[in-house]
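To start, the structure under review is shown below, and the notes come after it.
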There are 2 protein chains.
Amino acid sequence: MSKDERRLTSFDVAARAGVSQSTVSRALSGSPTITEATRTRVIAAARDLGYVVDERAARLRSGKSKTIAVVVIGRAGQGAASVNPFYYSLLGSVCTAAAQQGYQALVSIQSEPEQFFGQFIERGQADAVVVLGTATNRQAWDHFSDYRRVQSNLAFWGAPFDGPGYVRSDNHAGAKLAVERLIAGGYKRIAFVGETDGAQRQFSERYEGYRTTLEAAGLTASEAITAPGETREEQGAGAVAALLESGDGFDAVFSACDAMALGILARLRDAGQSVPEDFGVVGFDGLGVGAHSSPPLTTIEPDFAEAGLNLVEAALGGADDDRDRRVSVHLVERASAR
Amino acid sequence: MSKDERRLTSFDVAARAGVSQSTVSRALSGSPTITEATRTRVIAAARDLGYVVDERAARLRSGKSKTIAVVVIGRAGQGAASVNPFYYSLLGSVCTAAAQQGYQALVSIQSEPEQFFGQFIERGQADAVVVLGTATNRQAWDHFSDYRRVQSNLAFWGAPFDGPGYVRSDNHAGAKLAVERLIAGGYKRIAFVGETDGAQRQFSERYEGYRTTLEAAGLTASEAITAPGETREEQGAGAVAALLESGDGFDAVFSACDAMALGILARLRDAGQSVPEDFGVVGFDGLGVGAHSSPPLTTIEPDFAEAGLNLVEAALGGADDDRDRRVSVHLVERASAR
DNA sequence: CTGAAAGCGCTTACAG
DNA sequence: CTGAAAGCGCTTACAG
């Protein structure tokens, strides 16, 4: 610790300010029942002494922790290196939103079943917990989904399921933005790439938005296209390859996520298709790496600050919070649609 | 909380296991002075009851917090959105390393002077603090650098200064790897892009490594090249533009960081230079986005897991830790050098 | 508006 | 190896 031999306590501040310990506590915690004069004196004494309250004691007595635990789910067997930039940005937004609400953020990265842990509230370490990360770690989501039944101060982003506490993008609005952008670019035959079987719940909503927007414009929607692959990029590449081979004359793709769109772009280049001239692509997520692809990827981006705030509010609200939280999205114009 | 009306305490577990409260504490905390039989009984009682220890109380009494505070510095005025992927990866590695050592991670993102805060130890919230982030926020680094004088359980990555507690890449080895790779690719006139005036301390070390490696190979090193710009990418683009205009016949660049290298690649493409055929580029940092640039960027990547571990150890070690901590690096072969 | 006292739920000397 | 007691440093009823 520092050079002081003994820890300073509120007693020392009380002595110096000539008040009782209780008054020190009230003055420092901003209690309205304290004279401004007294408060000023106490604050000065604390400053002179270099005193700060011991949060362990304050929290034990008050029963609150003023902390949000944030669990980041990684791919099984891969740890922190498998967390993609999208979730790191979301993590950053949650930390910022928590700070704005006067909370601190206790972060843990969990990818293996033996480390799945969410009992931060029971241990008095947090008042609520936010879980976010890849939908592919099914075991992790099963774990936290079960846990939500006994602990309602839990909010999620990225889960393959749906239910209370789940926050997500306004997928319908996003899909509409993407598809309308492609229609405006003059593309005639627009495909959707991404699974709609529920592995990633949000994809189904994006497909629905794709379908209704196309139909509203008098165009025909096709079945969602998918291809197997270890990574999202391989899946996207495979899907667009199938699409080109189909001979159905597709000239544009709305990809359910940017990672797949990146694979789509790479495959299109290999196939000699020029984007955006011959073929249009719009993704979803607002991944920063899309700004460096060739061509840079036009995409739908959720408002990260709003997402962070919604997650914190939903977690803190617990069972009383039954709002259907959908985060607004906007179109990021880059260069993959003419 | 959950459905129980009253919080469970170690007393409840003691009653159920037929032992005293002290025995419960010792059994659960793994004290070696407890019979295996007793421990088993206590653990079973705790499990049956669904009891977990209240960390607020445990920490108050023990005086430890088993937590590492991680401060992520963002660009002034920009918040979480300005934190680049490199620092998020580092943050993830620190969280993982902390967990491996039995510590939790309390994360805060700080970019404005009014939020600079590091007194987590004095408040009993952490046993050590790790500060990382962009070197460009000079005020933030000044703040934490001053703080290191009174609080030695502090470690840094990315600081524009040097001193105790600073962990960094093995820049000499990295520069050597990069330059030797370019020499092996047959490039004849290799430039260095990046400032060496100390704004980013590590850059000077990379320049030195560049210079000595080139000289050892009997080639001539040039002065470091820089150009003004709001972002690293603009700086890189400007520098390579100057380089091409110089007419000095440069055919390769070792860029002090990937962000600048990305700008270099973009500018080279605009100038009609083909990479890696006419011009070679090697960056530094191992940024994930480099895998999606065109061409994909060959780069030097520090070992993130090792970096996280070193930061945690250095912070926990405090004044007793005077090791010069340099994290090993490796070459990531992509496609910007022939 | 302020103070004296109690107590939050643990861990840790101190005994035996 | 286990127990009874004290005490970590606050906040919060309870008084006045």
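Everything numeric in this text was worked out from a predicted model, so none of it was measured. Just so we're on the same page: letters track the sequence lines, and every chain starts at 1.
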Q | DNA chain C: 5'-proximal contact among B:R56 and B:S22 (nearest heavy atom) | A | B:R56
Q) Given the rule in the salt bridge (charged side-chain N to carboxylate O under 4.0 Å, His left out) test, do A:R326 and A:D324 qualify, once you have shown the distances and angles that lead to the verdict? A) CA-CA 6 Å; A:R326 299 202 168 259; A:D324 180 29; 3.2 Å; yes
Q. In Watson-Crick or G-U wobble terms, both distances under 3.5 Å, what is the partner of D:dA13?
A. none
Q) Hey, are B:S65 and B:D127 close enough side-chain-wise for a donor-acceptor pair under 3.5 Å? A) yes
Q: Taking only the side-chain nitrogens and oxygens of A:T38, find out if one of them lies under 4.0 Å from OP1 or OP2 of C:dT2.
A: yes
Q. Out of C:dC10, D:dT2, D:dT11, which has the shortest distance to the side chain of B:V53?
A. C:dC10
Q: Consider the side chain of A:R26, meaning its heavy atoms from C-beta on, and name the nucleotide among C:dA13, C:dG3, C:dC10 that approaches it most closely.
A: C:dG3
**Q.** Distance, rounded to the nearest Å, where A:K64 contributes NZ and C:dG9 contributes P
**A.** 14 Å
Q) Roughly how many Å is it from CD in B:E55 to C1' in C:dC8, rounded to a whole number? A) 15 Å
Q. Atom CZ of B:R59 and atom P of C:dT12: how far apart are they, to the nearest Å?
A. 14 Å
Q) Nearest-Å distance, CZ (B:R41) to C1' (D:dG3)? A) 14 Å
(Q) Using a heavy-atom cut-off of 4.0 Å across all strands, would you classify B:Q21 as base, sugar-phosphate, or nothing? (A) base
(Q) Can you identify which nucleotide, out of C:dT2, D:dT11, D:dG9, has its nearest atom closest to the A:T23 side chain? (A) C:dT2
Q. When you check the phosphate oxygens OP1 and OP2 of D:dT2, does a side-chain N or O of B:T35 lie under 4.0 Å from one of them?
A. yes
Q: Using atom CZ of A:F11 as one end and atom C1' of C:dA5 as the other, report the distance to the nearest whole Å.
A: 11 Å
**Q.** Donor on one side chain, acceptor on other, B:S29 and B:S31, under 3.5 Å
**A.** no
(Q) Could you check whether any side-chain N or O of B:D54 sits under 3.5 Å from a backbone N or O of A:G124, counting only pairs where one atom can act as donor and the other as acceptor? (A) no
(Q) What is the distance, to the nearest angstrom, from the CG atom on B:D54 to the P atom on C:dG7? (A) 18 Å
Q | G-U wobble or Watson-Crick pairing nucleotide for D:dA4 (cut-off 3.5 Å, both distances) | A | none
Q) Between B:K66 and B:E55, is there a side-chain N and carboxylate O pair less than 4.0 Å apart? A) no
Q. Taking for each residue the nucleotide of DNA chain D with the nearest heavy atom, is it B:S20 or A:S62 whose nucleotide lies nearer the 5' end?
A. B:S20
Q.
Using whole Å, what does the distance between atom P of nucleotide C:dG7 and atom CG of A:L60 come to?
A. 14 Å
Q. Counting just side-chain N and O atoms, does B:S10 come under 4.0 Å of either OP1 or OP2 of C:dC10?
A. yes
Q. In terms of the nearest nucleotide of DNA chain C, which residue is placed more toward the 5' end: A:V19 or B:A58?
A. A:V19
Q.
With a 4.0 Å limit, can you tell me whether A:Y51 has a side-chain N or O closer than that to the phosphate oxygens OP1/OP2 of D:dC10?
A. yes
Q | Length of the line joining B:K66:NZ and C:dC10:P, which is rounded to integer Å | A | 19 Å
Q: May I ask you to check whether A:T67 and A:Q125 show a side-chain donor-acceptor distance below 3.5 Å?
A: no
Q: Looking only at side-chain atoms of B:R61, point me to the closest of D:dC8, D:dA4, D:dA13.
A: D:dC8
